[in-house]
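This report refers to the structure that appears directly beneath it.
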Number of protein chains: 2
Amino acid sequence: MSATTGAAPAVKVLPEPPGLPEPLPEPGVDELRLETVLGALSDPLRLTIVRKLLLESEDFDHTCGWFGLDRPKSSLTHHFKALREAGITRQRQYGLERRSHVRVEDLNARFPGLLDLVAAWSPQG
Amino acid sequence: MSATTGAAPAVKVLPEPPGLPEPLPEPGVDELRLETVLGALSDPLRLTIVRKLLLESEDFDHTCGWFGLDRPKSSLTHHFKALREAGITRQRQYGLERRSHVRVEDLNARFPGLLDLVAAWSPQG
DNA sequence: TGCTAAGTTCGACTCAACTCGTACTGCTGC
DNA sequence: GCAGCAGTACGAGTTGAGTCGAACTTAGCA
């Protein structure tokens, strides 16, 4: 379970090294809603993004370009924003780049097993 | 037509008593798609339906009216059809009534843990 | 035979989401 | 300063889902 309990500190905790840029606006752990998360994951492109983050990185943030998705930049912005606003990913601004990673602890705490399904997913079926 | 190709022993075919009406058209176990299932579950009303089926019945089929949903019949038809076509529920025609239940075994086989999240869901958050 | 009830089908409306081009912001290096 | 790049913001077009009323279908029953 996540590090903190009870008392609901409204915003997440995550013991991250100091000096990181602030995360962009996102819902707190207690604000995660199952229907919103499932809706965000019901898109194949977003499923691809989250799965790739889960399988090919764990404790590292990645830029939009890292995914090699063949879509216009404005489309990618749309999907990354949808993931962040649903509470699935966290984004930080590193200079010019905006890097993402999956909020594994938060999601496992609220919806245990969900990320396993995403990791096991394949675009084919 | 769950051809269940291949050597895999497929999933256990539920041992249903003979004489039941044929299920209405539905995807086979091997045709279940994560993004479709998640999309079907991203609606609060459908989440309510599935959760109620999971918690208040187990081996019993229920009619639309049993749920006590305050929506016109045409809306309910729409949602029940969406759940069936996504492979989440199975529907059978009993005379005048069309009864539904959750395909628990199929879903647990393909997406283990998913139904637990639905059962733990609450409309509030 | 004809009524009633459960549920479907159809069509129309609304609204949100996806897609994408274009213009813009803001950091970095020369 | 200024050019170049990562990514955003905005707006338009399109599609699909949710909502619902009204008409229809069908089983059971008196």
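All values derive from a computational prediction rather than experimental measurement. A, B, ... follow the sequence lines: proteins, then strands. Residue 1 opens every chain.
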- Side chains of R46(B) and F80(B) in contact at under 4.5 Å (non-hydrogen atoms): no
- Nearest-Å distance for atom pair CZ/C1', residues R92(A) and dA6(D): 19 Å
- Query: Atom CG of L69(B) and atom C1' of dT19(D): how far apart are they, to the nearest Å?
  - Reply: 14 Å
- Give the rounded distance in Å between these two atoms: CD of E97(B) and C1' of dG28(D). 11 Å
- Query: With a 4.5 Å limit on heavy-atom distance, are the side chains of L53(B) and H62(B) in contact?
  - Reply: yes
- Closest to the S75(A) side chain, choosing from dG7(C), dC20(C), dG21(D): dC20(C)
- Query: According to a strict under-4.0 Å criterion, is R46(A) in side-chain N/O contact with OP1 or OP2 of dC18(C)?
  - Reply: yes
- Message: Please report the distance, rounded to the nearest Å, between NZ in K73(B) and P in dA5(C).
- Response: 10 Å
- Message: Nearest to the R98(A) side chain among dA6(D), dT8(C), dT8(D), which nucleotide is it?
- Response: dT8(D)
- Atom-to-atom span, CH2 of W66(A) to P of dG7(D) - whole angstrom: 13 Å
- Message: Quiz question: going by heavy-atom distance under 3.5 Å, is there a donor-acceptor pair between the base of dG21(C) and the side chain of S74(A)?
- Response: yes
- Query: Do E35(B) and L41(A) come within less than 4.5 Å of each other through their side chains, counting heavy atoms only?
  - Reply: no
- Task: Would you kindly give the CG-to-P distance between D43(B) and dT19(D), to the nearest whole Å?
- Result: 6 Å
- With the side chain defined as heavy atoms from C-beta on, H78(B) is closest, among dG7(C), dT19(C), dA17(D), to dA17(D)
- Query: Passes salt bridge (Lys or Arg N to Asp or Glu O under 4.0 Å), D106(B) versus R90(B)? Steps please.
  - Reply: CA-CA 11 Å; D106(B) 292 346; R90(B) 173 166 297 143; 3.6 Å; yes
- Task: Mind calculating the distance between CG (D70(A)) and C1' (dT19(C)) to the nearest angstrom?
- Result: 13 Å
- Item | R71(B) vs dT19(D): side-chain N/O to OP1/OP2 distance below 4.0 Å | yes
- Message: Is T63(B) close enough to dA6(C) that one of its side-chain N or O atoms is under 4.0 Å from OP1 or OP2 there?
- Response: no
- Task: Could you check which of dC10(C), dC18(C), dC20(C) has an atom nearest any side-chain atom of H79(A)?
- Result: dC18(C)
- Looking only at non-hydrogen atoms, find the nearest pair between L32(A) and R103(A) and report the distance. CD2-NH1, 4.4 Å
- Task: Starting from the 5' end of DNA chain C, give me the residue, Q91(B) or L96(B), whose nearest nucleotide shows up first.
- Result: L96(B)
- Task: Measure the distance from CG on L76(B) to P on dA6(C) and round it to the nearest whole Å.
- Result: 12 Å
